[in-house]
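So the structure is just underneath, and the comments pick up after that.
Atom set for the values below is all heavy atoms of this structure, side chains included, hydrogens, waters and symmetry mates excluded.
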Amino acid sequence: MDLPPWSSAMSIEHPTHSTRTSLPERRNKWAAAGAGAAVGLLGGMIGLGGAEFRLPLLIGLFGFLALEAVILNKAMSLLVVATALPARLVAVPLEQLTPHWPIIVNLLTGSLLGAYLGATWATRMRNRTLHRVLAILLILIAAALLVTHLGRVQPAELQGPLQTITGVAAGAGIGVVAALMGVAGGELLIPTIVLLYGADIKIAGSLSLAVSLPTMLVAFARYSQDKSFAVLRHNRAFLLAMAIGSVAGTAAGGALLDVVPTEVLVPLLAVLLVISARKVWQHG
């Protein structure tokens, strides 16, 4: 028997009941602001922006495809870094940074190319493959957190051409990772600057922002050529709410920097990243 023409529409409008919240409800601006504030708080307590924690939430909690999540994460990372720059210049004045401009140039030489390549690879990967890559990178970030915050990063004492070549190679690798994950890359840039150039940790934090901002802009420009970039237009309220939450959370986390001992907080965050990596892998 033929069904009336409106029956198929009704079956779409009234799906089988499920206990899982629908995507539009999960993606409301209040949920986005709360999630952004939470990850910003976690990241701010160890001096990061929290983008590495935000990415798994965009995929697992809010249901974005991997590439869409990366693009959204990159947009929010740009906003967080742009907001952090003025505050950072108050803490570390520009005159303290200008003598270190060769470090910025050295790392940017590699990171700009790496960012373009990373964004290109991300747009060409199958969704499942990108999930796998992101899961592996989350585990690597967890390992980097443990090494840099609980271990001792000693200068490698490289000089001359060897230091320059190593800086370009390190910048390229960091640019690729930052583009693929939609992060600023500070969790990798800061220890690299300390290890490779022997810079003070506070100087390294400001130099990392100077490197990460143009690096992110290159990746962002490359992503803008992909059709998935439309996710920003379709989710403007969500993006703005989560970005504001992230900035507020990062500021609050910075104020609580010494409240929770690093020896307790960092392992917990590393475990959280590993669990998130497993979820992202399975999601793929």
Side-chain angles (χ1 to χ4, degrees), residues 30-58 60-62 72-74 76-92 137-153 174 177-178 181-194 199-209 211-213 216 241-277 279-280:
W30 298 111
V39 297
L41 182 67
L42 287 174
M45 291 176 73
I46 55 171
L48 299 175
E52 51 282 317
F53 304 104
R54 189 168 56 228
L55 180 63
L57 288 181
L58 289 169
L61 179 62
F62 295 107
L72 282 166
N73 205 30
K74 179 63 75 178
M76 284 181 268
S77 295
L78 272 169
L79 290 172
V80 172
V81 169
T83 304
L85 272 173
R88 193 76 195 187
L89 287 175
V90 172
V92 183
L137 291 177
L138 285 169
I139 293 174
L140 292 177
I141 294 296
L145 279 179
L146 291 172
V147 171
T148 56
H149 288 272
L150 299 183
R152 285 181 171 269
V153 181
I174 293 170
V177 172
M181 298 184 71
V183 300
E187 62 276 14
L188 300 176
L189 277 169
I190 293 174
T192 297
I193 293 171
V194 173
D200 175 77
I201 189 70
K202 290 185 177 180
I203 296 292
S206 296
L207 293 176
S208 74
L209 292 178
V211 174
S212 63
L213 187 57
M216 286 192 294
M242 199 170 198
I244 292 173
S246 296
V247 171
T250 302
L256 299 173
L257 200 59
D258 297 321
V259 172
V260 182
T262 301
E263 294 77 9
V264 175
L265 183 61
V266 170
L268 288 176
L269 295 180
V271 170
L272 181 61
L273 285 173
V274 172
I275 293 173
S276 298
K279 296 291 185 182
V280 170

With heavy-atom distances below 4.5 Å as the criterion, would you say the side chains of [X] and [Y] are in contact?
| X | Y | value |
| --- | --- | --- |
| Ile193 | Ile203 | no |
| Val81 | Met216 | yes |
| Leu188 | Ile141 | yes |
| Leu79 | Ile244 | no |
| Leu138 | Val280 | yes |
| Leu207 | Val211 | no |
| Val183 | Lys74 | no |
| Leu269 | Leu42 | yes |

Exercise. If you look at every heavy atom in Ala35 and Leu57, which pair is closest and at what distance?
Worked result: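 Taking every non-hydrogen atom into account, CB-CD1, 4.0 Å.
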
For this session: Begin from the C-alpha positions of Leu265 and Ile46 and carry the test side chain to side chain contact (heavy atoms under 4.5 Å, CB included) through to its verdict.
Result: CA-CA 8 Å; Leu265 183 61; Ile46 55 171; 3.5 Å; yes

For this session: Please assess Lys279 against Leu61 for the test side chain to side chain contact (heavy atoms under 4.5 Å, CB included), listing each intermediate value before the final yes or no.
Result: CA-CA 10 Å; Lys279 296 291 185 182; Leu61 179 62; over 6 Å; no

Exercise. Passes side chain to side chain contact (heavy atoms under 4.5 Å, CB included), Leu272 versus Leu268? Steps please.
Worked result: CA-CA 6 Å; Leu272 181 61; Leu268 288 176; over 6 Å; no

For this session: Sorted by first residue and then second, give each side-chain hydrogen bond (donor to acceptor under 3.5 Å, both in side chains) pair with at least one member in residues 37-55; sequence neighbours left out.
Result: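 side-chain hydrogen bond (donor to acceptor under 3.5 Å, both in side chains) check on residues 37-55 returns Arg54-Asn73, Arg54-Ser77, Arg54-Ser246.
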
